[in-house]
Amino acid sequence: MSNSIRKWIFVLIVPLLVFGILGSVGGGAGHGVALQSANVNFDDKASMQRGAKYFQNYCSGCHSLRFSRFNRVAKDIGLNAENGFSEDDVKTLINENLIFIRDAEGKKVKTGSLMKTAYNSKAAAQAFGASVPDLSLVGRSRGADWIYSYLNGFYLDPSRPTGMNNTVFKDVGMPHVLGNLQGWQTLEHSEGGEHGVPKLTLSKPGSMTGAEYDKLTRDITNFLAYVSEPAQLSRKMYGIFTLLFLFVLFGFAYALSKEYWKDIH
Ligand code: HEC
């Protein structure tokens, strides 16, 4: 193969590889229903901290995150030495904001415990006609946009036992636990069939404005998306380092190839 053909192969293949890798990092699977974009951002530690706090306050009564430990989560969402928090600070913050469950003796569980729920799953199945799922992996199984659309998609439906239905989860068993904050929505129409965006209007306002509620649900989504794959915080960084490494390696390989072939005509 002549030198110039080799050169062209390099020039064409390397960008293809790079874009291929970048594309697979950013891509997400499509869903049948029109979803709202959650725009999750794992660099926004303040949002993840609020999300964790809201989750513990509004959701952990029913849902567990059984693969996560309080202290690991706290570290990942920015409550760590790098950000100036001492070990004691972190313990206090975790105890005050995240831990509500107690052990058999009635004491708060340790900061290294798994994020279980106090709720009895059998009682839940009876109460809601559906078991309460653990949400450790929901960020992956459903995706962030789905969670965000779900938390924004509750609407009044008197035919349902809870009085509520949901645009992305038909006949859902979960009550609208954030209803007092968001207010109560009515479904105007779900025009366009499966792929249409359902139109909801607020028929009774809650204690938050629309923008405040969107921020709240985005924070919870951000947190749940992180929980489902904690390694992604570091994985993207490794990806960037790997690409940089390949780039430098390419420079050396190219120079070496030139050196080898310089006397052959
Ligand atoms: C009163 C108990 C209760 C509370 C509190 C609660 N949920 Fe649920 N949740 C349920 C039940 C029950 C289901 C299962 C619904 C079904 O299968 O019909 C569910 C389902 C879900 C699902 C769908 C999971 C899946 O993949 O099917 C998500 C996501 C979810 N809840 C998020 C939340 C979030 C976020 C909060 C806090 C804002 C919350 N839940 C608070 C009871 C609850």
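Only a predicted model underlies this, so the values are computations on that prediction, with no experimental measurement involved. In each ligand, atom 1 is the first atom listed, and ligand 1 is the first ligand listed.
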Chemist: May I ask you to check whether D219 and Y54 show a side-chain donor-acceptor distance below 3.5 Å?
Modeler: no
Chemist: Quick check for you: with atom 8 (Fe) of ligand 1 as the vertex, what angle do NE2 of H63 and SD of M174 span, to 10°?
Modeler: 180°
Chemist: Which of the atoms of ligand 1 are close to R142, meaning less than 4.0 Å from one of its heavy atoms?
Modeler: 25 (C), 26 (O), 27 (O)
Chemist: Please identify which atoms of ligand 1 are closer than 4.0 Å to at least one heavy atom of A130.
Modeler: 12 (C), 16 (C), 17 (O), 18 (O)
Chemist: Would you call I94 and I99 a side-chain contact if the rule is heavy atoms closer than 4.5 Å?
Modeler: yes
Chemist: Show me which atoms of ligand 1 lie under 4.0 Å from any heavy atom of L151.
Modeler: 35 (C)
Chemist: Do D214 and R218 meet the salt-bridge criterion of a basic N to acidic O distance under 4.0 Å?
Modeler: no
Chemist: Check each atom of ligand 1 against the heavy atoms of F169 and keep those under 4.0 Å away; list them by number with element.
Modeler: 16 (C), 17 (O), 18 (O), 27 (O)
Chemist: Quick check: does F55 get an N/O under 3.5 Å from an N/O on ligand 1?
Modeler: no
Chemist: Surrounding CD of E87 (heavy atoms of other residues, nucleotides or ligands, distance under 6.0 Å), is the total greater than 12?
Modeler: no
Chemist: Short list, please: which atoms of ligand 1 are under 4.0 Å from a heavy atom of L135?
Modeler: 28 (C), 30 (C), 32 (C), 33 (C)
Chemist: Does the residue S60 have a heavy-atom contact with ligand 1, meaning some pair of atoms that are separated by less than 4.0 Å?
Modeler: no
Chemist: Nearest heavy atom to atom 18 (O) of ligand 1 wins, so pick from G173, P133, G139.
Modeler: G173
Chemist: Within ligand 1, which atoms have a heavy atom of I220 less than 4.0 Å away?
Modeler: 35 (C)
Chemist: On the six-membered ring of Y150, is R142 placed so that its NZ or CZ lies under 6.0 angstrom from the centre and within 45° of the ring axis?
Modeler: no
Chemist: Scan side-chain atoms only and decide if T201 and T186 contain a donor-acceptor pair under the 3.5 Å cut-off.
Modeler: no
Chemist: Apply the side chain to side chain contact (heavy atoms under 4.5 Å, CB included) test between R66 and each candidate in T117, L114, D134; give the one that qualifies.
Modeler: D134
Chemist: In this structure, does ligand 1 have an atom that sits under 4.0 Å from one of the heavy atoms of I147?
Modeler: no
Chemist: Enumerate the atoms of ligand 1 whose separation from the nearest heavy atom of S131 is less than 4.0 angstrom.
Modeler: 14 (C)
Chemist: In terms of relative ring orientation, are Y213 and H176 parallel, tilted or perpendicular, with 30° and 60° separating the classes?
Modeler: perpendicular
Chemist: Among T221, V73, V40, find the residue that satisfies the side chain to side chain contact (heavy atoms under 4.5 Å, CB included) test when tested with Y226.
Modeler: V73
Chemist: At a 4.0 Å threshold, what atoms of ligand 1 neighbour a non-hydrogen atom of V177?
Modeler: 4 (C), 5 (C), 38 (C), 41 (C)
